[in-house]
2 protein chains.
Amino acid sequence: MIRSVPSRQHDIADDLRQQITTGRISPGERLPSEADLASRHKVSTVTLRRALAVLQSEGLIEKVQGRGNFVRHPVRKIVYVGGWGTLDPRTAAEPALRVTVRSTTVQAHGQLTTLLKVPAGSPLAEFSCTSFEGESPHGLARIYIPRDLAPAGLLDNASAYRAPITRFAVLTVSPAAVRETVCARPPTPEEASTLRIASAAPVLAITRVATAATGRVVEAALLAFPGNRIDAVFTTHHMLDERQTQG
Amino acid sequence: MIRSVPSRQHDIADDLRQQITTGRISPGERLPSEADLASRHKVSTVTLRRALAVLQSEGLIEKVQGRGNFVRHPVRKIVYVGGWGTLDPRTAAEPALRVTVRSTTVQAHGQLTTLLKVPAGSPLAEFSCTSFEGESPHGLARIYIPRDLAPAGLLDNASAYRAPITRFAVLTVSPAAVRETVCARPPTPEEASTLRIASAAPVLAITRVATAATGRVVEAALLAFPGNRIDAVFTTHHMLDERQTQG
DNA sequence: CAGTGGTCTAGACCACGCG
DNA sequence: GCGTGGTCTAGACCACTGT
């Protein structure tokens, strides 16, 4: 058995997890201070903090320096719908989320030149998006579009734009192809603080490149979500020109 | 500035990361013992171990109890190709990987009944796959197929099966639709030990459900990869007017 | 200011791997 | 047995948040 030596930190994590999932501690509520919890469970602060780190990596609690540890609101998993495709019913039923959008113009550099296949220095419209679910942020995006393709209105009045926020979509036309690359990685310091996750908690990072029928790349998006708060769903339908042996 | 107080653990992590990425410590090589490193950097063992945890969560090192900390082989990112689609050129160029496959018959239960849309207790063929890149494991899969759809030969002679291993494909026919759900989460204890990652290091978990044209679910696969060692790529083509021909 | 989390120390003991 | 990593302690000091 792997758990032959049940570590104190996991015992405590299990105990607190129980209290959270059974509702004995309500979402939004503050946990007792770490010093309290440590003395209650008769462990050192280091051990107690490791227990909390487990819960944080599971997305159950949120740490705020100087204020305390808080139970996150019920893990209503956000659904990211890949492929610019049809909307999942669950997405349509998404609760109201707030999205802040800030748009600027930047020059292509580094990775962006590769993704967008433009020379360095090309003017790009950059949209920095952060979405919130109530208080807690739950998504980050930087979307880059060649300057001449950016919808004019957006640059002036970004806040008026109401988009399918789980996708951070800005384009108004459907591209011919979308390639999305997904990986799990530790958050950058900026992401960790913005999303209120631990530097140990993974983010689900999605790099989305949309290409027009002409082959021109019309959008590159760098998205980051708290790994435990999102499911990215990709649906692929196969044309019937392939052999279909299922009766 | 976020780094106003550059923590010792990050300084050390940065230093070691430098030595690893510049090749001053070779892949496969063992790092000095934690006690050594701690005294060299003049930090406590706890702090040094936190520094190593950072590198581990980045997939740079591998900890082996009783033996030491080892530099992982160059992060050759595995590419998981979603959607049962055409193979990415990079996938075709994948190095030889070893895959172990163990097949058994189980009865549908829990989540499986939902995924496969079969009643509890239905006979399923289960394929437990582990793939290795040299020494290090880099992927886990459990694939479930309704018993009557399982290729007969596989059940008897699984080892003979050589499949596109980055996809853990078992089906020999293309399904009509594939839905893949991706999330990042902490590994289960089993995954952590099999993949040799920390319990804090995220796995990229992919749940794949393949459906035939009839609507019958012909496969459910639960995949887990070390988050930092894989990119999952999903490509969606939109054929609004143009009938695409891949190629 | 008091209370909280964030980082760190200088030890200790245990479990594992290997000769 | 010995060296290794894994867990833990009982403090300490700093940075942040609120009053």
Side-chain angles (χ1 to χ4, degrees), chain A residues 1-16 29-57 60-72 135 187 189 192-194 196-201, chain B residues 1-16 29-57 60-72 135 187 189 192-194 196-201:
Chain A
M1 305 307 293
I2 283 189
R3 277 268 63 82
S4 54
V5 180
S7 61
R8 304 285 287 114
Q9 61 184 276
H10 282 115
D11 290 347
I12 296 170
D14 291 347
D15 178 39
L16 290 174
E29 200 173 332
R30 212 205 74 180
L31 296 181
S33 76
E34 299 187 347
D36 273 11
L37 287 172
S39 65
R40 274 193 221 184
H41 292 268
K42 303 210 258 236
V43 294
S44 70
T45 63
V46 176
T47 301
L48 184 113
R49 284 174 57 74
R50 280 202 279 249
L52 294 182
V54 172
L55 300 181
Q56 193 186 18
S57 78
L60 287 177
I61 67 170
E62 185 174 324
K63 303 184 129 265
V64 185
Q65 179 169 155
R67 300 217 298 129
N69 301 293
F70 298 84
V71 177
R72 296 198 83 149
E135 288 299 307
S193 63
T194 307
R196 302 242 193 92
I197 58 178
S199 54
Chain B
M1 304 300 292
I2 281 190
R3 278 265 64 82
S4 55
V5 180
S7 61
R8 305 285 288 112
Q9 62 184 278
H10 283 115
D11 291 346
I12 297 170
D14 292 347
D15 178 40
L16 291 174
E29 198 172 332
R30 212 205 73 178
L31 295 180
S33 74
E34 300 186 348
D36 273 11
L37 287 173
S39 66
R40 275 193 221 183
H41 288 87
K42 303 209 257 231
V43 295
S44 69
T45 64
V46 176
T47 300
L48 184 114
R49 283 176 57 73
R50 279 201 280 249
L52 294 182
V54 172
L55 300 181
Q56 192 186 19
S57 77
L60 288 177
I61 67 170
E62 183 174 326
K63 303 184 130 269
V64 184
Q65 179 170 156
R67 300 216 299 130
N69 301 292
F70 297 84
V71 177
R72 297 196 79 149
E135 288 299 307
S193 63
T194 306
R196 301 241 195 91
I197 58 178
S199 53

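On a predicted model such as this, the values are computed, not experimentally measured, just so you know. Naming: A, B, ... by sequence-line order, numbering from 1 per chain. All values below come from the heavy atoms of this structure, side chains included, with hydrogens, waters and symmetry mates left out.
- In terms of heavy-atom proximity, B:Arg30 sits nearest to B:Ser33 at NH2-N, 3.5 Å.
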(request) Decide side chain to side chain contact (heavy atoms under 4.5 Å, CB included) for A:Gln56 and A:Glu62; before the verdict, give the C-alpha distance in whole Å, the side-chain angles of both, and the deciding distance to 0.1 Å. (result) CA-CA 6 Å; A:Gln56 193 186 18; A:Glu62 185 174 324; over 6 Å; no

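- Under the side chain to side chain donor-acceptor pair (under 3.5 Å) criterion, A:Arg49 pairs with A:Glu34, sequence neighbours left out.
- Per the geometry, NZ belonging to A:Lys42 stands 19 Å off C1' belonging to D:dT7, to the nearest Å.
- The distance from atom CG of B:Asp11 to atom P of C:dC8 is 8 Å, rounded to the nearest whole Å.
- In this view, B:Glu29 and B:Ile25, B:Ser26 satisfy the side-chain contact (heavy atoms from CB on, under 4.5 Å) rule, not counting sequence neighbours.
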N/O-N/O pairs, protein side and nucleotides 11-13 of chain C side, under 3.5 Å:
residue: C:dG11; atom: O6; partner: B:Thr45; partner atom: OG1; Å: 3.4

Name every donor-acceptor pair, under 3.5 Å, that has one atom in a side chain of residues 37-44 of chain A and the other anywhere in the protein, sequence neighbours excluded.
residue: A:Ser39; atom: OG; partner: A:Ala35; partner atom: O; Å: 3.4
residue: A:Ser39; atom: OG; partner: A:Asp36; partner atom: O; Å: 2.9
residue: A:Ser44; atom: OG; partner: A:Thr47; partner atom: N; Å: 3.3
residue: A:Ser44; atom: OG; partner: A:Thr47; partner atom: OG1; Å: 3.2

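- Spacing between atom NE2 of A:His41 and atom P of D:dC8 amounts to 13 Å, rounded to whole angstrom units.
- Between A:Leu52 atom CG and A:Arg50 atom CZ the span is 12.0 Å, to the nearest 0.5 Å.
- Residues forming a side-chain contact (heavy atoms from CB on, under 4.5 Å) with B:Ala13 (at least two apart in sequence, or on another chain): B:Arg17, B:Ala51, B:Val54, B:Leu55.
- Going from atom CG of A:Leu48 over to atom P of D:dC8 covers 11 Å, rounded to whole Å.
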(request) Given side chain to side chain contact (heavy atoms under 4.5 Å, CB included), test B:Phe70 with B:Val64 step by step and report yes or no. (result) CA-CA 8 Å; B:Phe70 297 84; B:Val64 184; 4.0 Å; yes

Under 3.5 Å, which protein N or O atoms sit close to an N or O of nucleotides 2-6 of chain C? Give each pair with its distance.
residue: C:dG3; atom: N2; partner: A:Gly66; partner atom: O; Å: 3.3
residue: C:dG5; atom: OP1; partner: A:Asn69; partner atom: ND2; Å: 3.0
residue: C:dG5; atom: OP2; partner: A:Glu34; partner atom: N; Å: 2.8
residue: C:dG6; atom: OP2; partner: A:Arg49; partner atom: NH1; Å: 2.5
residue: C:dG6; atom: OP2; partner: A:Arg49; partner atom: NH2; Å: 3.0
residue: C:dG6; atom: OP2; partner: A:Lys63; partner atom: NZ; Å: 2.9

